[in-house]
Amino acid sequence: MSDKELITITIDRYTDLQQIKKANDGHENEMLDYLIKVTTAKLASLGVNVEDITL
């Protein structure tokens with residue numbers, strides 16, 4: 001898998017998690033928050049700034 005493919009897949013995962021969080025109507029979900037943090041860290045390590053794609 002190329003770096004570009006990995007970035008694309010990770011961005012897709014991040015946006016899916018963001019949509020779930022938004023649909024959660026503000027209910028606390030520690031696991032969802034953790035998954036978002038981990039995915040954010042992965043994207044940062046790949047040089048992607050998530051501020052532009054955060055809901």
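For this chain, numbers begin at 1 and follow the sequence in order.
- Sorted by first and then second residue, the pairs that involve residues 9-21 and meet salt bridge (charged side-chain N to carboxylate O under 4.0 Å, His left out), not counting sequence neighbours, are Lys21-Asp33.
- The line from OG1 of Thr15 to CD1 of Ile20 is 10.0 Å long, rounded to the nearest 0.5 Å.
- For the atom pair CG (Leu32) and CD (Gln18), the distance works out to 8.5 Å, reported to the nearest 0.5 Å.
- Rounded to the nearest 0.5 Å, atoms CD (Glu51) and OG1 (Thr40) are 10.5 Å apart.
- Between Lys42 and Val48, every side-chain heavy-atom pair lies at or beyond the 4.5 Å cut-off.
- Looking only at distances, a side-chain donor or acceptor of Asn29 sits under 3.5 Å from a matching main-chain atom of Met31.
- In this structure, Tyr34 OH and Thr39 OG1 are separated by 9.5 Å, a value rounded to the nearest 0.5 Å.
- Inter-residue side-chain proximity for Ile11 and Thr8 is flagged as unmet; no heavy-atom pair is nearer than 4.5 Å.
- Atoms CG and OG1, from Leu46 and Thr10 in turn, are 6.0 Å apart once rounded to the nearest 0.5 Å.
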